[in-house]
Amino acid sequence: MKFENITIVVAMEAEARPVIEELKLKEDLSYCPGMPMRGWIGQYRGIKLSLVINGKDPETNLDLIGTQAATLATDYAIKHYSPQLIVNMGTAGAFGENGSQIGDVYLSRDYVVFHDRRVPITGWDKQSIGYFKVWDAEELALKENFKTGIVTTSNSLDMPPIDEENIRNLGGEIKEMEAAAVAWVARLHSTPLFCVKAVTDLVDSGIPTEEEFRKNLNLATSNLKDAIVKVLNYLAD
Ligand code: ADE
């Protein structure tokens, strides 16, 4: 499948940097002026590429993470770059009991959901979870040997028992903090989307997630960069 205009949506600068450097992207100061979000642009094998990040919180000077910033970044990116496809890239937790390993790269499968929205009222229950359909990346996953999984989102790094129960009920395999928000905005704009997520931590390992996340961030972001090059080669053909 040939795509000519793709936007990569990422939360943290550390997740984006290896890709920006590998693809020699240049900062685009006309993206989201006056807001923390930042954008880079470039070309790769005939694809017009843009990459956006959430940017830094002006109060703490730390990377903005989570769904609110991702919503703004995605909406502005779609209006500014009019992509044919959005790739939401980032790091995530996964379950060791599913055979996941630190550093694995997963592509999203079927749909993206929110796992922390509990609204037991008919209609709003499903709306809250989202079930945002993702672009079918099965052929790409088979070709490049990526694992695939249902991606599930909340605004928390931890996994209290109620979230774990919801993730299990939803068949969630990849736990992160932005995808469902990005997918919601993409759906509002009728823009196809899929996710590329590298595993920094195993949520069932018993080791504190923040410890595993910090320890494995470099490995995961390096694997993400290699994965994105394979993804773009596939999408360019
Ligand atoms: N990002 C990386 N690991 C994560 C986890 N376990 N939960 C949410 N977001 C993450």
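For clarity, every value in this text was computed on a predicted model and none was experimentally measured. For the single chain, residues carry numbers from 1 onward in sequence order. Quick note: numbers below take in every heavy atom, side chains included, and nothing from hydrogens, waters or symmetry partners. Both ligands and their constituent atoms are indexed starting at 1 by order of listing.
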Which atoms of ligand 1 sit under 4.0 Å from any heavy atom of [X]?
X: Met177; value: 8 (C), 9 (N)
X: Phe213; value: 2 (C)
X: Val203; value: 6 (N)
X: Gly93; value: 2 (C), 3 (N), 4 (C), 5 (C), 6 (N)
X: Thr200; value: 2 (C), 3 (N)
X: Glu176; value: 8 (C), 9 (N)
X: Thr209; value: 6 (N)

Tell me which protein heavy atom sits closest to [atom], plus the residue, atom name and distance to 0.1 Å.
atom: atom 6 (N) of ligand 1; result: Asp201 OD2, 2.8 Å
atom: atom 10 (C) of ligand 1; result: Leu157 CD1, 3.6 Å
atom: atom 7 (N) of ligand 1; result: Lys175 NZ, 2.8 Å

Any side-chain heavy atom of Pro36 within less than 4.5 Å of one from Lys56? no
For atom CH2 of Trp40, is the number of surrounding heavy atoms from other residues, nucleotides or ligands below 6.0 Å larger than 12? yes
Residues Asp116 and Lys175 bridged, charged N to O under 4.0 Å: no
In plain terms, say whether Asp237 and Arg45 are close enough for a salt bridge, that is, a side-chain N and a carboxylate O under 4.0 Å apart. yes
Is there a donor-acceptor pair closer than 3.5 Å between any side-chain N or O of Thr221 and the backbone N or O of Glu15? no
Note: Ser100 and Leu202 closest approach over all heavy atoms is O-CD2, 3.7 Å
Do Lys197 and Asn88 pair up side chain to side chain, a donor and an acceptor below 3.5 Å, judged on atom types alone? yes
